[in-house]
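See below for the structure under consideration.
Predicted, not measured: the structure shown is a model, and the values here were computed from it.
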Amino acid sequence: MFRPGPDRIIADHYFALGDGQSGLHLWEDVNALTVADVPVKSLMRQVGAVKNLALGTVKELALPMSHGLVDEAPAMMTVRVESSDGDHELATYVAAAVGYPQTEVDLSRTLLTRLTEGAATMATTLAAMSEWGRAWEGGSPRGSERERLLRSWVG
């Protein structure tokens, strides 16, 4: 679940982007960073995604002038930032069409908690994440690699 992307975690601040929302929070002011409404990967979600893809393909073949499944927006989750200047909620899009494995959700939540445990812990964790980011250069790792990275960042 945790991927460099819409929400940017940077050495001295957290920059959050939501659907029509944004926020800049200095790490020293952040007391908690959590996510809610995270879709967990399940067989039913996978079946639903395949069904939607199949129906969209059939629709495009039958009605080539149609606009596909434009009425279906990606799933959303909620990012909560508790800081010294108040609590903030941002609705942000989910990157995984069928949800995230429960292990990845749990590790991501642990990582977000770790980032608010204190300056030394945060600095060490952010350094490891930045090192990976520079080496990877904007790519998105597969599930098993994401889980391995999350485990290494959580410690």
Side-chain angles (χ1 to χ4, degrees), residues 1-53 56 69-70 72-155:
M1 176 182 81
F2 182 83
R3 298 177 186 184
D7 297 343
R8 305 283 187 218
I9 293 183
I10 303 170
D12 61 348
H13 66 274
Y14 171 72
F15 183 69
L17 291 176
D19 183 31
Q21 308 162 294
S22 66
L24 175 69
H25 307 280
L26 297 177
W27 279 116
E28 62 196 41
D29 297 331
V30 175
N31 302 322
L33 185 58
T34 59
V35 291
D37 313 317
V38 179
V40 176
K41 191 176 197 173
S42 69
L43 179 59
M44 291 309 293
R45 281 190 187 279
Q46 290 174 302
V47 168
V50 170
K51 177 195 75 153
N52 288 342
L53 179 61
L69 298 174
V70 294
E72 292 204 21
M76 305 281 285
M77 64 183 171
T78 305
V79 177
R80 292 189 180 107
V81 181
E82 294 176 31
S83 67
S84 57
D85 68 340
D87 295 347
H88 311 275
E89 283 194 1
L90 298 113
T92 186
Y93 292 104
V94 173
V98 295
Y100 301 97
Q102 186 64 54
T103 303
E104 190 173 341
V105 172
D106 294 341
L107 286 167
S108 294
R109 286 182 169 148
T110 301
L111 177 62
L112 293 174
T113 299
R114 183 170 171 73
L115 289 170
T116 60
E117 287 178 345
T121 301
M122 178 200 65
T124 302
T125 304
L126 289 175
M129 293 169 70
S130 294
E131 181 180 324
W132 172 83
R134 284 189 299 276
W136 195 266
E137 295 187 12
S140 185
R142 295 251 183 238
S144 60
E145 177 64 8
R146 281 194 315 272
E147 188 175 322
R148 187 193 66 73
L149 283 166
L150 287 166
R151 286 186 192 287
S152 71
W153 294 336
V154 166

Stepwise salt bridge (charged side-chain N to carboxylate O under 4.0 Å, His left out) check, E145 with R148: CA-CA 5 Å; E145 177 64 8; R148 187 193 66 73; 2.7 Å; yes
E147/L107 under side-chain contact (heavy atoms from CB on, under 4.5 Å): CA gap, chis, key distance, verdict: CA-CA 8 Å; E147 188 175 322; L107 286 167; 3.7 Å; yes
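Here A135 pairs with nothing under the side chain to side chain contact (heavy atoms under 4.5 Å, CB included) rule; sequence neighbours left out. T103 meets the side chain to side chain donor-acceptor pair (under 3.5 Å) test with no other residue; sequence neighbours excluded. T125 meets the side chain to side chain donor-acceptor pair (under 3.5 Å) test with R114; sequence neighbours excluded. Looking at residues two or more places apart in sequence or on another chain, you find no side chain to side chain donor-acceptor pair (under 3.5 Å) involving N31. E82 pairs by the side chain to side chain donor-acceptor pair (under 3.5 Å) definition with nothing, not counting sequence neighbours.
Counting only heavy atoms from C-beta outward, the side chains of Y100 and V40 never approach each other to under 4.5 Å. Using a 4.5 Å cut-off on side-chain heavy atoms (C-beta onward), V30 and V81 make contact. Under the 4.5 Å side-chain criterion, counting only non-hydrogen atoms from C-beta, L150 is in contact with S108. Counting only heavy atoms from C-beta outward, the side chains of T124 and W153 never approach each other to under 4.5 Å. H25 places none of its side-chain heavy atoms less than 4.5 Å from the side chain of L33.
Looking at every heavy atom in both residues, A36 comes nearest to M77 through O-CB, 3.4 Å.
Side-chain contact of D37 with T78: a donor-acceptor pair under 3.5 Å is present, judged by distance alone.
Taking CG from D29 and OG from S83, the interatomic distance works out to 6.5 Å, rounded to the nearest 0.5 Å. Remark: E131 CD to S152 OG distance equals 9.5 Å, nearest 0.5 Å. Remark: T116 OG1 to W27 CH2 distance equals 7.5 Å, nearest 0.5 Å.
Here the side chain of T121 pairs no donor or acceptor atom with the backbone of E117 at under 3.5 angstrom.
Screening T34, V154, V38 for a side-chain contact (heavy atoms from CB on, under 4.5 Å) involving R109 leaves a single residue, V38.
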